[in-house]
Every structure is written in C-alpha cells, then in structure tokens.
**Q** 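Following this message is one structure expressed as structure tokens.
Positions are given from 1, in the same order as the sequence printed here. These figures come from a predicted structure and were not determined experimentally.
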Amino acid sequence: MADKKAPAKGPDIRVRRVYEAPGPDDGTRVLVDRVWPRGLAKADARLDEWAKAAAPSTELRRWYGHEPERFAEFARRYRAELAEPERREAVDHLRELAAAGPLTLLTAVKDLSYGHAPLLADAVRGHR
C-alpha cells in the first residue's frame, strides 16, 4: 500500500488593513503601500518592514482610483508591473519572509476585495 502524502500547504500569508490591531498570529508584518497611511503614526503601525517596491506604481494607482469597474484592468496591469525587476525582487523577498513563517501584508485600502494586497499575496504564493 502506497503512502498518501497530504498536499503541500502553501505559505501562511494574510492580508489586513494596517489600521487594525496586530493579531497574535500575524508573524512578519509588512506594509505594501507606496504612500504612508493617513493618520497613522509610525510608532503605532507595528511594522517589521515597508515594501514600497511591491506596491503599484503611482501612475497605476492614480489611474485606478479604487473604482470597482476598473479593477479587472487594474489587476492585469499590476500583475504586469510585478514582473518588472524592482517589483520582482520585492515579491521574491516577501516569498522568503513567507517561507520563514506567517506573513501579513498590510494596506490602508478600505475595501480589500478591490485592493492590490490580495493580488500581491497571490504573486507571493506563486499564483498568477
């Protein structure tokens, strides 16, 4: 009888708003926005790192404006940006952090379902 192996579990990556209190299972906390969150003191952020290079470009962020009807095109353009060398290095670094333990990607975006952080989490997991 052959041994059945459990499917390999992917890295433990979470996406949360930076304004939320840190959770006990957050692990490494990384801000993935290009601009510092409004009204948040740096001392209150409780970050381990700030990965500006993993964020969408200023041009893309301004074009998108968090308009839900533009999300599909935003996602396509952001995934293309993540293939650029500077951002690819940032994704690789986040992948290394995730391999070492839980990783929480933090963003100031109000509606996470239309934000870049879940797309980035997928890229870190190796999904396109």
**Q** Could you tell me whether Arg70 and Glu73 make a salt bridge, using a distance below 4.0 angstrom between a side-chain N and a carboxylate O?
**A** no
**Q** Give, for atom CG of Leu60 and atom CZ of Phe74, the distance between the pair rounded to the nearest 0.5 Å.
**A**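 Reported to 0.5 Å precision, the distance equals 5.0 Å.
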**Q** Determine, step by step, whether Asp26 and Arg16 satisfy the salt bridge (charged side-chain N to carboxylate O under 4.0 Å, His left out) criterion, reporting the C-alpha distance in whole Å, the side-chain angles of both residues, the deciding distance to 0.1 Å, and the verdict.
**A** CA-CA 9 Å; Asp26 278 358; Arg16 298 183 63 196; 2.8 Å; yes
**Q** Is there a continuous path of hydrophobic side-chain contacts, each under 4.5 Å between heavy atoms, that joins Leu120 to Leu103?
**A** yes
**Q** Verify, without hydrogens or angle tests, whether Asp111 (side chain) and Ser113 (backbone) share a donor-acceptor contact under 3.5 angstrom.
**A**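 Side chain of Asp111 to backbone of Ser113, a donor-acceptor pair under 3.5 Å: yes, one is there.
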**Q** Give a yes or no answer on whether the side chain of Arg34 reaches the backbone of Ala55 with a donor-acceptor pair at less than 3.5 Å.
**A** yes
**Q** For Ala53 and Glu86, which heavy atoms make the closest approach, and how far apart are they?
**A** CB-OE2, 3.6 Å
**Q** Are Val109 and Tyr19 connected in the hydrophobic side-chain network, where two residues link if heavy atoms are under 4.5 Å apart?
**A**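 No; Tyr19 is not reachable from Val109 via cluster members.
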**Q** Given side-chain contact (heavy atoms from CB on, under 4.5 Å), test Leu106 with Val32 step by step and report yes or no.
**A** CA-CA 6 Å; Leu106 301 166; Val32 294; 6.0 Å; no
**Q** Could you tell me whether Arg77 sits above the aromatic face of Trp63, with NZ or CZ closer than 6.0 angstrom to the six-membered ring centre and within 45 degrees of the axis?
**A** yes
**Q** Any sub-3.5 Å donor-acceptor pair from Arg14's side-chain atoms to Thr104's backbone N or O?
**A** no
**Q** Kindly determine whether His66 and Lys110 satisfy side-chain contact (heavy atoms from CB on, under 4.5 Å), including the steps that lead there.
**A** CA-CA 9 Å; His66 294 282; Lys110 287 180 185 172; over 6 Å; no
**Q** When rounded to the nearest 0.5 angstrom, what is the spacing between CG in Leu31 and NZ in Lys42?
**A** 9.5 Å
**Q** Looking at Arg87 and Glu84, is any side-chain nitrogen of the basic one under 4.0 Å from a carboxylate oxygen of the acidic one?
**A** yes
**Q** Which is it for Leu94 and Leu105 under the side-chain contact (heavy atoms from CB on, under 4.5 Å) test, yes or no, and what are the steps along the way?
**A** CA-CA 9 Å; Leu94 292 171; Leu105 303 180; 4.2 Å; yes
**Q** With a 4.5 Å limit on heavy-atom distance, are the side chains of Trp50 and Trp36 in contact?
**A** yes
**Q** Are Leu82 and Leu97 grouped together when hydrophobic residues (ILVMFWY) are joined by side-chain heavy atoms under 4.5 angstrom apart?
**A**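 In one cluster: yes.
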**Q** Nearest 0.5 Å, what's the OH-OH distance between Tyr64 and Tyr114?
**A** 7.5 Å
**Q** Spell out, as yes or no, whether a donor-acceptor pair under 3.5 Å connects the side chain of Arg88 to the backbone of Ala83.
**A**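 Between the backbone of Ala83 and the side chain of Arg88 there is a qualifying donor-acceptor contact (under 3.5 Å).
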**Q** Specify the closest pair of heavy atoms between Arg95 and Ala123, including all atoms of both residues, with the distance to one decimal.
**A** NH2-O, 2.6 Å
**Q** Looking at Arg29, is its backbone amide N or carbonyl O close enough to the side chain of Glu49 to form a donor-acceptor pair, meaning the two atoms are under 3.5 Å apart?
**A**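 Checked: no pair found.
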**Q** Donor-acceptor check, side chain of Arg76 to backbone of Phe71, threshold 3.5 angstrom: yes or no?
**A**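 Checking the backbone N and O of Phe71 against the side chain of Arg76, no donor-acceptor pair under 3.5 Å is found.
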**Q** For the residue pair Thr28 / Asp48, report whether a side-chain donor-acceptor contact shorter than 3.5 Å exists.
**A** no
**Q** How far apart are the C-alpha atoms of Ile13 and Arg125, what are their side-chain angles, what is the distance that settles it, and do they pass the side-chain contact (heavy atoms from CB on, under 4.5 Å) test?
**A** CA-CA 8 Å; Ile13 302 172; Arg125 289 182 187 106; 3.7 Å; yes
**Q** Tell me the closest heavy-atom pair linking Ala117 and Thr107, and the distance in Å.
**A** CB-CG2, 3.9 Å
**Q** Evaluate the side-chain proximity of Pro102 to Asp25: yes if any heavy-atom separation is below 4.5 Å, no if none is.
**A** no
